[in-house]
Undergrad: 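For reference, the structure I am asking about is given below.
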Amino acid sequence: MLNLNLPTLAPTKATTASTPGTTALTTQQCYIHPVVLFSILDHYLRRSTGQDRVIGTLLGVRSDDGRIVEIRSCFAVPHFETDDEIQVDMEHHSSVFALHKRANAREQIVGWYATGGALSKYAALIQEFYAQEAAPFSAVHLVVDAEMSNGELSVQCLQGAAIGIKAHSENCLFLPVPYELQYQDAELSALQAASAESELVSDMEQLERTICELRAMLERVTKYVRSVCAGNTKANTVVGKYLMDMLAVVPKIDAEQFSTLFQSHLQDILMVAYLTNLTRAQLNIADRLQRFA
């Protein structure tokens with residue numbers, strides 16, 4: 001457990017773990033994967049009762065010169081803070097990073113994150129620790145406003161810069177770093193669905209909506225084909241070829257066989273949903289029994 005205390009007003013001789021005269025290589029551009037933000041929000045939603053914010057370690061890769069950082073993942077680090085000190089579980093940090101290193105050998109510690117609308121008063125102390133972990137490069141600090149106080153998910157990407165003549169842990173100025181969200185084409189649809197204002201629906205409701213949309217498309221195509229056959233609409237060879245290719249891949253089964261297959265698949269879905277709800281109920285009961293034990 002790492003205990004960090006705020007400095008007293010009395011003049012003291014401060015020591016630092018960094019070598020005097022050395023300067024960390026600064027970061028000029030950050031690329032953040034969306035899964036990092038989702039992990040931070042999930043950590044915030046699962047926080048302990050009475051905890052205002054959460055912190056964790058950022059993992060990623062750097063360019064050869066260290067100026068470009070790609071933040072790929074993160075993990076939570078338990079901590080406890082009061083008005084005078086903060087306790088960070090560094091043993092958990094080290095063990096989780098060692099396990100993560102086995103699965104992702106290329107990823108390294110690039111900084112840390114915290115939730116909140118502004119910097120914490122302990123940010124400079126925690127930044128000093130992560131600067132040692134990310135040495136010889138600078139540590140990136142990601143501040144995520146999980147409460148969305150301004151009506152949106154505000155993200156700040158910062159890095160610490162030492163100020164003053166002597167090296168003190170509290171003499172740290174946080175400077176903004178340009179950042180961009182980096183995602184693949186396959187993730188774009190999921191991000192658009194998450195950003196849209198839509199309600200969550202069950203599997204059965206989603207299946208019903210999909211069937212209704214499929215039926216509407218079939219009716220539109222049928223109306224177009226009948227209009228072309230009647231001579232009311234000019235035929236389009238591109239559309240006709242596309243429809244022929246589509247029909248060629250459809251298996252030829254009669255209505256009775258299709259109904260049997262559909263009902264069998266529907267029964268499988270209902271069974272999976274039933275077992276899922278049963279498992280969730282058993283886990284909730286076990287969790288409550290463990291709490292009251």
Side-chain angles (χ1 to χ4, degrees), residues 1 32-59 71-81 86-105 107 112-116 142 144-148 153 183-184 186-214 258-293:
M1 186 70 70
I32 307 173
H33 285 226
V35 67
V36 176
L37 299 180
F38 282 116
S39 298
I40 295 174
L41 293 177
D42 180 72
H43 182 200
Y44 180 77
L45 292 175
R46 298 176 184 270
R47 69 189 186 279
S48 302
T49 305
Q51 192 174 13
D52 296 332
R53 71 187 186 107
V54 295
I55 64 174
T57 302
L58 297 175
L59 302 174
I71 306 176
R72 295 182 175 180
S73 60
C74 63
F75 61 85
V77 176
H79 83 291
F80 175 77
E81 60 180 284
I86 181 173
Q87 298 178 358
V88 183
D89 193 349
M90 288 295 102
E91 295 181 358
H92 176 85
H93 160 81
S94 301
S95 60
V96 173
F97 176 65
L99 293 174
H100 187 86
K101 197 70 174 177
R102 295 182 182 179
N104 301 275
E107 294 187 4
W112 64 290
Y113 70 82
T115 58
L142 207 62
V144 180
D145 185 10
E147 288 286 348
M148 294 189 294
L153 183 64
Y183 49 84
Q184 300 178 356
E187 300 173 336
L188 180 59
S189 58
L191 293 175
Q192 291 176 347
S195 59
E197 295 182 359
S198 58
E199 58 179 355
L200 297 177
V201 297
S202 62
D203 295 338
M204 295 302 300
E205 293 176 345
Q206 183 63 34
L207 179 60
E208 182 181 359
R209 292 183 181 181
T210 304
I211 294 176
C212 292
E213 293 176 359
L214 179 61
F258 176 79
S259 178
T260 303
L261 293 176
F262 181 78
Q263 292 295 334
S264 176
H265 181 67
L266 185 60
Q267 292 296 329
D268 293 340
I269 294 178
L270 292 176
M271 179 59 67
V272 171
Y274 171 75
L275 293 177
T276 301
N277 294 331
L278 182 62
T279 304
R280 185 183 295 111
Q282 294 292 336
L283 291 176
N284 291 334
I285 293 175
D287 182 54
R288 294 184 180 182
L289 291 176
Q290 186 177 4
R291 289 183 180 180
F292 290 105

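Residues take their numbers from the sequence shown, with the count starting at 1.
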Undergrad: Would you please name every residue forming a side-chain hydrogen bond (donor to acceptor under 3.5 Å, both in side chains) with R72, sequence neighbours left out?
TA: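 side-chain hydrogen bond (donor to acceptor under 3.5 Å, both in side chains) list for R72, sorted by chain: E70.
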
Undergrad: Please report, to 0.1 Å, the donor-acceptor pairs under 3.5 Å made by any side chain of residues 271-279, with sequence neighbours excluded.
TA:
| residue | atom | partner | partner atom | Å |
| --- | --- | --- | --- | --- |
| T276 | OG1 | V272 | O | 2.7 |
| N277 | OD1 | R280 | NH1 | 2.9 |
| N277 | ND2 | A273 | O | 3.2 |
| T279 | OG1 | L275 | O | 2.8 |

Undergrad: Are the side chains of E81 and V88 in contact, using a 4.5 Å heavy-atom criterion?
TA: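 Not touching, per the 4.5 Å side-chain cut-off.
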
Undergrad: side-chain hydrogen bond (donor to acceptor under 3.5 Å, both in side chains) with N284: which residues, sequence neighbours excluded?
TA: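 side-chain hydrogen bond (donor to acceptor under 3.5 Å, both in side chains) list for N284, sorted by chain: empty.
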
Undergrad: Identify, with sequence neighbours excluded, every residue that meets side chain to side chain contact (heavy atoms under 4.5 Å, CB included) alongside S73.
TA: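 Listed in chain order: L59, H100, E107.
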
Undergrad: CZ of F75 to CG of L58: how many Å apart, nearest 0.5 Å?
TA: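 So the gap between those two atoms works out to 9.5 Å.
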
Undergrad: Short question: side chain of H92, backbone of A76 - any donor-acceptor pair under 3.5 Å?
TA: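 Yes: the side chain of H92 pairs with the backbone of A76.
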
Undergrad: Counting C-beta onward and ignoring hydrogens, is there a side-chain heavy-atom pair between V96 and T57 closer than 4.5 Å?
TA: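 No, side chains not in contact.
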
Undergrad: Could you check whether any side-chain heavy atom of W112 comes within less than 4.5 Å of a side-chain heavy atom of I55, counting everything from C-beta outward?
TA: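 A side-chain contact under 4.5 Å exists here.
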
Undergrad: Might you point out which heavy atoms bring L153 and D145 nearest each other, and give the distance in Å?
TA: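 Scanning both residues, the minimum pair turns out to be CD1-O, 3.5 Å.
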
Undergrad: Cut-off 3.5 Å, no hydrogens considered: what does the side-chain donor-acceptor table look like for residues 261-268, sequence neighbours left out?
TA:
none

Undergrad: Among all residues two or more places apart in sequence or in another chain, which pass the side chain to side chain contact (heavy atoms under 4.5 Å, CB included) test with T115?
TA: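 Per chain and number, T115 pairs via side chain to side chain contact (heavy atoms under 4.5 Å, CB included) with I40, Y44, R53, V54, A146.
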
